[in-house]
Protein chains: 2
Amino acid sequence: MRLWNFSAGPATIPLAVLEQVRAELPDWHGVGCGVMEMSHRGKIYTGIYEKIVADLRQLMDIPEDYAILFLQGGATLQFSQIPMNLLDGGSADYLTTGAWSEKAVKAGQRLYGDSIREAGTSADASFTRLVDPASMRLNPKAKYLHFCSNETIGGVEVFDLKQLGGAVQAGVPLIADMSSNILSRPINVRDYGMVYAGAQKNIGPAGVTLVIIRKDLLGKATTAIPALLDYAEEEKNTSMLNTPPTFAIYMAGLVFEWLLKQGGLPAIAQQNQAKAELLYKTIDGSGGFYANPVALDCRSWMNVPFTLKDKALDPIFLEESEKAGLLALKGHKLVGGMRASIYNAMPLAGVQALVGFMNDFMHRYG
Amino acid sequence: MRLWNFSAGPATIPLAVLEQVRAELPDWHGVGCGVMEMSHRGKIYTGIYEKIVADLRQLMDIPEDYAILFLQGGATLQFSQIPMNLLDGGSADYLTTGAWSEKAVKAGQRLYGDSIREAGTSADASFTRLVDPASMRLNPKAKYLHFCSNETIGGVEVFDLKQLGGAVQAGVPLIADMSSNILSRPINVRDYGMVYAGAQKNIGPAGVTLVIIRKDLLGKATTAIPALLDYAEEEKNTSMLNTPPTFAIYMAGLVFEWLLKQGGLPAIAQQNQAKAELLYKTIDGSGGFYANPVALDCRSWMNVPFTLKDKALDPIFLEESEKAGLLALKGHKLVGGMRASIYNAMPLAGVQALVGFMNDFMHRYG
């Protein structure tokens with residue numbers, strides 16, 4: 001029996017998608033084998049792949065002057081690949097709003113030292129808000145500005161680029177790590193030089209990384225990096241410089257189809273907002289029994305960390321919630337307490353079940 | 001209906017494994033979600049992963065002083081990662097026996113120029129045999145010697161390290177790209193410094209790369225490479241520096257279990273030999289109607305390229321074989337003609353069906 005799964009990632013997949021995978025696994029559309037068993041260069045897979053790219057272009061309204069790449073190594077490898085491809089002898093600005101954007105800075109500095117500049121941080125607020133624009137030290141000649149649009153651990157989300165203040169500069173491409181909020185609501189891709197995301201939250205199974213990059217940013221890397229890590233080489237080779245993770249990409253495609261059937265990103269955004277509001281309302285209305293530390297303007301719709309007033313109740317909450325069929329609510333060790341990840345595939349009914357449990361728990365222990 | 005699938009990779013998966021995946025997809029062992037939907041750091045997945053590593057150690061008799069890593073980027077990324085990790089300011093020798101070992105040389109030279117030495121090649125024989133040991137120019141101080149144990153395109157396989165002649169030198173670690181023949185028969189891991197393989201032939205779905213490396217070779221890389229590409233960092237972090245491709249790894253584990261049930265590598269080797277012998281016997285006994293150009297001592301058990309005497313029959317052979325339920329027999333464009341990939345998951349019955357078709361086709365068109 002499937003339970004409500006609040007895992008931060010790898011995360012719950014829509015049941016309809018899993019059922020389709022089960023049906024198609026040994027024999028895709030009567031061709032005699034499954035998608036994972038066919039050549040990535042054959043006509044059948046190529047056709048599947050082209051539809052996946054077209055569906056994603058439609059879903060996110062991605063202009064033709066942006067390349068869509070399906071790579072490997074997760075956001076973590078992107079933290080290195082981005083400066084390898086785009087630093088181009090210059091320097092880049094980074095905003096730090098939590099554990100993930102901090103990792104991006106460290107991975108970049110490992111390779112390029114001071115050329116990776118922390119242009120602003122909310123570390124002074126324990127990453128419970130976005131960077132105060134007044135505190136930013138921006139370089140107008142930066143090769144790019146990097147930020148994380150949703151911090152999976154801290155639960156801090158950027159909803160509007162205006163929240164970045166002066167960091168949005170003409171001529172400085174914005175690069176966003178959208179691993180945990182991609183496809184959760186419409187964005188204007190044209191505002192970005194590049195967005196990227198590991199798949200294992202809102203796209204599909206772990207093992208594929210989506211990169212959407214404006215084509216004029218391609219081709220700045222030198223041969224000092226492996227060809228496989230060069231976006232321009234991958235674009236030229238349709239992300240097939242090596243055998244791609246075909247099954248994970250196929251599943252991403254099924255998720256894209258599922259999203260289109262739901263009404264696309266505007267429809268899923270409404271659901272996501274309703275789910276998040278219900279959960280935050282429960283936390284804020286608990287008279288302090290539950291608490292979420294994040295500033296109101298940047299509370300994530302996807303990852304909702306919360307603590308109990310009495311920490312001694314944490315293990316009891318986790319044990320009882322699991323018995324109630326609510327999985328993976330333990331918070332990340334960096335922030336402690338609980339975390340409910342409520343990605344696209346989590347229906348409102350799951351959040352209602354969680355909220356029901358939370359209210360019941362509060363009445364029994366509050 | 002499943003047909004006989006001779007794809008070179010991604011390749012056919014044992015049906016028993018696919019059926020188990022189907023059964024476990026939405027709910028693994030009653031835990032309430034599938035393997036692809038759970039945290040890679042949680043107890044359940046960690047337990048699954050530990051069993052996978054233990055099963056592989058048993059299957060291949062891997063000593064404890066060898067690390068087992070599950071990485072991403074395929075053999076192609078390994079072509080760069082190997083010198084990044086092991087060149088250590090020196091130079092390395094490479095043997096070239098076909099398209100894949102040639103790619104390894106080129107990827108290495110892209111980063112390290114002449115430090116990547118082609119110590120021998122069989123290009124003069126159009127890659128239809130191994131390198132003549134008499135022609136090798138070996139460096140006794142090489143940091144490693146790289147070769148490909150099975151050329152997927154040319155169908156050239158190394159069965160005994162003695163075939164490498166003087167290239168096996170005390171103090172020079174052997175590194176073998178085993179992408180297309182790993183797990184096909186027993187090998188002595190202790191003979192190697194490192195073996196590696198993309199999964200999509202004999203291990204599981206595309207998207208995971210197996211690296212088995214002697215631990216004393218770890219830790220020679222500098223911070224000039226991304227941490228994710230440093231074997232030592234991956235070993236320290238149980239291949240979890242980023243979210244690993246958990247579903248592909250889980251499927252690899254099911255394949256390992258399936259192999260153990262078959263009787264392990266000695267048993268599968270017998271089957272593989274019988275399959276290959278049947279196919280080569282058919283080719284050689286066709287009075288020249290079919291031909292395989294590879295020298296007798298290195299004809300691959302896994303990938304059997306063959307040509308028709310009359311090239312004009314190629315498209316007819318491919319069309320009719322597909323109608324007969326024999327998939328993906330088209331040869332690689334580099335060698336032309338046909339290719340039957342008969343990995344572990346292809347039963348003898350599949351090769352019997354192929355041979356039956358080949359004999360029938362010859363009688364009709366010969």
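Every chain is numbered from 1 and lettered A, B, ... according to where its sequence line falls, protein lines coming before strand lines.
Per-residue heavy-atom pair counts under 4.5 Å with chain B were compared for A:G207, A:S7, A:P226, and the maximum is reached by A:P226. Among B:A227, B:S39, B:G204, the residue with the largest count of heavy-atom pairs under 4.5 Å with chain A is B:A227. Ranked by heavy-atom pairs shorter than 4.5 Å toward chain A, the options B:N5, B:T246, B:V35 are led by B:N5.
Looking at B:R22, its side chain never comes within 3.5 Å of a backbone N or O of A:V21 through a donor-acceptor pair. In terms of modelled atom types and a separation under 3.5 Å, the side chain of B:R2 and the main chain of A:D27 share no donor-acceptor contact.
Proximity to chain A (any heavy atom under 4.5 Å) is shown, for B:L18, by both the backbone and the side chain. Only the backbone of B:A11 comes within contact range of chain A, with heavy atoms under 4.5 Å apart. With a 4.5 angstrom heavy-atom cutoff, A:L77 touches chain B via backbone and side-chain atoms both. Using a 4.5 Å cut-off between heavy atoms, B:M38 touches chain A through its backbone atoms (N, CA, C, O) alone. For B:A23, the part sitting under 4.5 Å from any heavy atom of chain A is the backbone (N, CA, C, O) and nothing else.
Across all their heavy atoms, B:L111 and A:A224 have their closest contact at CD2-O, 3.4 Å. Considering all non-hydrogen atoms of both residues, B:P26 and A:L15 come closest at CB-CD1, 4.4 Å. For A:V31 against B:L3, the heavy-atom pair with the smallest separation is O-CD1, 4.0 Å. Closest of all the heavy-atom pairs between A:I13 and B:E37 is N-OE2, 2.7 Å. The two atoms that bring A:T243 and B:P10 nearest to each other are CG2-CD, 3.7 Å, heavy atoms only.
Rounding to the nearest 0.5 Å gives a distance of 10.5 Å between CG of A:N242 and CD of B:Q78. Atoms CE and CE, from B:M251 and A:M36 in turn, are 4.0 Å apart once rounded to the nearest 0.5 Å. Atoms CG and CD, on B:L71 and A:Q72 in that order, are 10.5 Å from each other to the nearest 0.5 Å. Atom CD1 of B:I225 sits about 6.5 Å away from atom CZ of A:R110, to the nearest 0.5 Å.
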- Message: Evaluate B:L229 against A:L229 for side chain to side chain contact (heavy atoms under 4.5 Å, CB included), listing each step before the verdict.
- Response: CA-CA 11 Å; B:L229 302 188; A:L229 302 187; 4.0 Å; yes

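At a heavy-atom cut-off of under 4.5 Å, chain B is reached by A:L327 from residues 326-344 of chain A, listed in order of number.
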